[in-house]
Amino acid sequence: MKRLALLAAAALLLALPSAAQIPSPSQFLKLDVGKDKVLADYRQVRGYFRALDAASPRVKVEVLGKTVLGEEMIMAIVSSEENIANEEKIRQTAKRLADPRGLSGAEAERLYRDGKAVVLVTCNIHATEIAASQMAMEWAYALATATDAETRRRLDNVVLLIVPSLNPDGQIMVTDYYRKYAGTKYEGGRMPWLYHHYAGHDNNRDWYMLTQPETRALSRAVYHEWNPQVFVDEHQMGTDGPRMFIPPFADPVDPDVHPLIWREVNLIGSNMALRLEQAGKSGLIYGYSFDAYWIGGTRNTGWWKNITGLLLETASARVASPVYIEPSELRGGTKGLIDYQATVNHPNPWKGGWWRMRDIMDYERIASDALLELASRYREDLLRNVTTRARAAIAAARPGEAYRIPKEQRDWPTAQHLAWLMAEHNVEVRQAANGDYWIPLAQPYGRFITEMMEPQRYPAVRLQPGKDILRPYDVATWTLPLQMGVRVERMSMPEGTTIVTAITPETKEVIARGAKLPRKPRVATYQPWQPSMDEGWTRWLLDTYGVPAKGLSPQDVQKGLSGFDAFILPDIPKDVIATGKRREPAMRYEEEMPPEYTGGLGKPGSEAVRKFVEEGGTLIAFGDGCDYVIEELNIPVRNALAGVKADDYSNPGSLVRLLIRPGHPVTVGMPAETAAFLDSPIAFETTAPAADMQRWVLATYPEEEQDVLLSGWLLGANRLTRKAAAVAMTYGKGKIVLFGFRPQHRGQTHATFPLIFNALWWSVAPAR
Ligand SMILES: [Zn+2]
C-alpha cells in the first residue's frame, strides 16, 4: 500500500501517464490478446495504436503510406515524453550523422553525446508469421505505462520505431481466413492465395527494387526521414526445428559490408540470447540458415547503407492455434544444424511439447526488450559507428569516381527508372547538361551503389576441407544495369553536374507499340491453389503497364478459355499445375484444404488449354510452366535439363547471357544480346516439325561455356551452351511461346519485359 502510494505520488510529480488511463490491448479490443485462437486483425491493431497515441505522450503514430489494397500502414514512435516532443531535432541529428559530409570532428562528438539512438522494429511482413503483430501492441503498452527507472532510462536514450505489420493487407487476409475456419479441421491451415496481392512471400525480396507501395513507404521512412542506426525485422520459421534464430548470421558474409555492421549485429544478438536464456527460454540458435550475403530482405539492404540489420526467426504455431511437437519430430537438416542436438551455436535445444502463439510473443518480447536495453547502453557507440561507416564509404571512392547512365541509351525510360530507383534509395543522383545521369561514389551509400551496379561473384566458402561450398540462401545476383538492360559506365564525373531531386521516367516504348494494335489483348494467368508468387508478379507487371490480366483458378480454366487472347502459365512446377500437388513431398501426408480450394488442371483443364490454342489462342509459359506445356501438348521441343542432377547443374538464380534472334514478332526491338534471369533447370532442344507447324528459336545461350554467366553463381554452364532459351511455334490456329528463364522475375528484369509484351501483342496481331 505504502509502495503504491509512493508510486502514485511519483507519477503525479513527473506528470507520468497513468496506467489507469491508458488501456491495455486486451481492454481496448475486448479480446484476450495472445490467447490461443485469438487474433487482433490489422484494423484492430492500428486502432489500438491510435488509442495509445491519444492516451500516451510517449507514443505517436505516423502513417507510412497506403498498401496495394488501400489500407493505411502505420508506424508508432515510442520514446520518452521529452524525446517525442523533440522528434524533429532527433531526426535531424540522425540524418546528419548518417551523411557526415562537411561535419567537423568536434561537431560530430557533440552529436554522439547529445543524440538519441533510433531503432526500428518491423513485424509481420510475412502475414502468417503473425505473433509479432500482436506482441507489438503489448510491447508498446508496456513502454507507454512503465514507471520504473530502468525503462524510463531506456526511453530517454532511444527512439523506438515500431511497425506492427509491414503487410497490413496480408495480415487482414490471414486473420479473416483463420477466423473463417476456426473450429473446423482446416483451422490454422495455409491460405490458398498469396498473402500479398502481388508479391506474396516475395514482399521480403523487394527491398532494393522497391516495386510495391509498402516497400517504398517504409524505405522512405528509413532512408529519407529517420535514418535509424539499428533495424530489426521479426519473422517466424518452421515448427519442428530450433525455437528462435537470433544473429550472428550464417556464412557467407559479404566482404564489402563494413565490419562494424557485423560486430554490432553480433553484440545485439548476443544480448538478446543472453536475456532469453536467463528467462529460461531454450532452443536459441545462431549461425543458422540465414546468411550475411543476400541483399533482398528488409533489414539486409541496410547493411550496404551503414545500418545494422538483424533478422529474428521464431518457430511457428499454426497461426494462433497451438501445436504439439513430439521430441522425435524435432529436426535440424539445415545449414548450421545438421542434426538436432546441442552445438556451440545451439547449446540448449528445446525438448519438444506444446508451442503456442503466446510462446512466440514471449520470445519476441524478451528479444525486443533486450534490443532496447542494448541500444540505450551503447547509444553513443551506435551513433558514432554509423558515422564511421559513412565516412569509410566516402573515403573508399577515388575523387570524382562515379557511374554514368548515358542519355544515349537503347531504352531511355528504363535508364530513367534506374536513376529514379537510386534517388528513391536516397542515393545522390546528378545530371549533366546533356541529360546524362551521374551517380558519384563518394557518398555515404557508396557501397550500396557498387553492390547494385556490379556483377556478383558468390563467395565459395567451405566449412570443412574438401566439403561442398555453402549454397546461396536466395538468388545469387541483383546487378541492376544487367537485369534492367541499361548501359552504365564507371568513370570520372565531369564538372558542372547538378543534384536532381525528382525523376519521373517516361513511358516505355513497349507499351506505346501495343497501342497501335487492333485491340488490347485479353489476358488470363493461371492461379493454382498452391499460390504462385510468379503468378502474382505477372499480374503486377501487367497491371503496372496497363494490360491487366485475370487470374483463373483450375476450375475456371476447366470451364474453357474463350474470351481470352493469351493465357499465361507462370513459373509453377508441372505437377502443381496438373494436380495441385507437388510430386514428391517429403512425406505422403498432405494437409487437407477446403474442397473448393483443391485440385489442378487435370484432364479437363489440359483439354481446355489445348482447345484454346488450337482455336487461335496464344499460350505463354515462364520457367517451370514450360515443362507442363512440353508434357501436355505434342510440340517439337524438349527440356534438355529435365532430371539433371544437382552435382551436374545447379543455379539458385543468376543472370546469364542470351543471344536474341531477330526477325520474329516476339523479339522486336530487342538487342542482339541481353541478360536473362535463370533459375530452373530448363534449356530447350527443338526438332523440325511436320508441315502444319512452324517453330522459331527466339533466343539461345552462348556457344562457349565461359560466356554464359554474367552475374551470380552457376554450376554446369556447359549444360546450357547452344541450347534454346526461348522458342515459339504455331499450334492449330494458335501460338505457343515458351520462356525457359524468368522474363519478369520479381518485377526486376526490365531487360526481358519487352519479350512478354511482344508475345501478348503477337496474340492479337493480324496474321502475317
Ligand atoms: Zn518470414
Side-chain angles (χ1 to χ4, degrees), residues 39 42 45 67 73 120-136 162-175 177-178 188-191 193-208 212 214-215 218 231-247 249-250 265 269 272 283-286 288-303 309-320 323 334-336 355 357 359-361 363-364 367-368 472-475 530-533 536-537 746:
L39 281 176
Y42 185 74
V45 172
T67 65
M73 183 166 80
L120 169 65
V121 176
T122 53
C123 304
N124 185 232
I125 185 171
H126 293 146
T128 50
E129 303 166 12
I130 205 157
S133 70
Q134 316 291 299
M135 182 279 296
I162 304 176
V163 178
S165 175
L166 254 183
N167 181 5
D169 294 344
Q171 208 274 5
I172 292 168
M173 289 181 214
V174 166
T175 44
Y177 191 82
Y178 181 84
R190 72 166 177 84
M191 239 174 23
W193 42 82
L194 294 173
Y195 54 54
H196 178 279
H197 185 68
Y198 293 125
H201 198 77
D202 275 353
N203 60 355
N204 196 30
R205 312 283 180 263
D206 193 40
W207 294 84
Y208 53 87
Q212 303 300 313
E214 298 87 351
T215 324
L218 185 79
F231 180 171
V232 174
D233 192 26
E234 307 214 3
H235 286 246
Q236 291 170 220
M237 53 186 181
T239 55
D240 59 2
R243 294 301 91 185
M244 192 175 199
F245 163 78
I246 303 173
F249 289 97
V265 163
M272 290 173 172
L284 312 170
I285 193 165
Y286 69 85
Y288 173 74
S289 187
F290 310 99
D291 71 25
Y293 179 76
W294 171 64
I295 195 174
T298 50
R299 70 283 144 193
N300 300 25
T301 315
W303 296 336
L310 286 88
L311 167 71
L312 302 180
E313 293 270 1
T314 311
S316 293
R318 287 171 62 84
V319 190
V323 284
T334 305
K335 176 163 76 181
W355 186 252
M357 188 172 72
D359 295 311
I360 307 169
M361 291 167 66
Y363 273 62
E364 289 174 337
S368 300
Y473 172 75
D474 192 82
V475 303
Q530 278 208 8
S532 156
M533 289 181 272
W537 286 115
R746 295 176 180 167

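Start at 1 and go down the list; that is how both ligands and their atoms are numbered. Being a predicted model, the structure only gives us computed values, none of them experimental.
In this structure, the separation between CG on D206 and CZ on R746 is 9.5 Å, given to the nearest 0.5 Å. In this structure, M237 CE and L312 CG are separated by 10.0 Å, a value rounded to the nearest 0.5 Å.
By the 30° and 60° cut-offs, the orientation of the rings of F245 relative to F249 is tilted.
When the N, O or S atoms of E129 are ranked by distance to the Zn ion (ligand 1), OE1 comes first. The name of the N, O or S atom in H126 nearest to the Zn ion (ligand 1) is ND1. Nearest to the Zn ion (ligand 1), among the N, O or S atoms that H235 has, is ND1.
In this structure, the side chain of N203 engages the main chain of I125 through a donor-acceptor pair within 3.5 Å.
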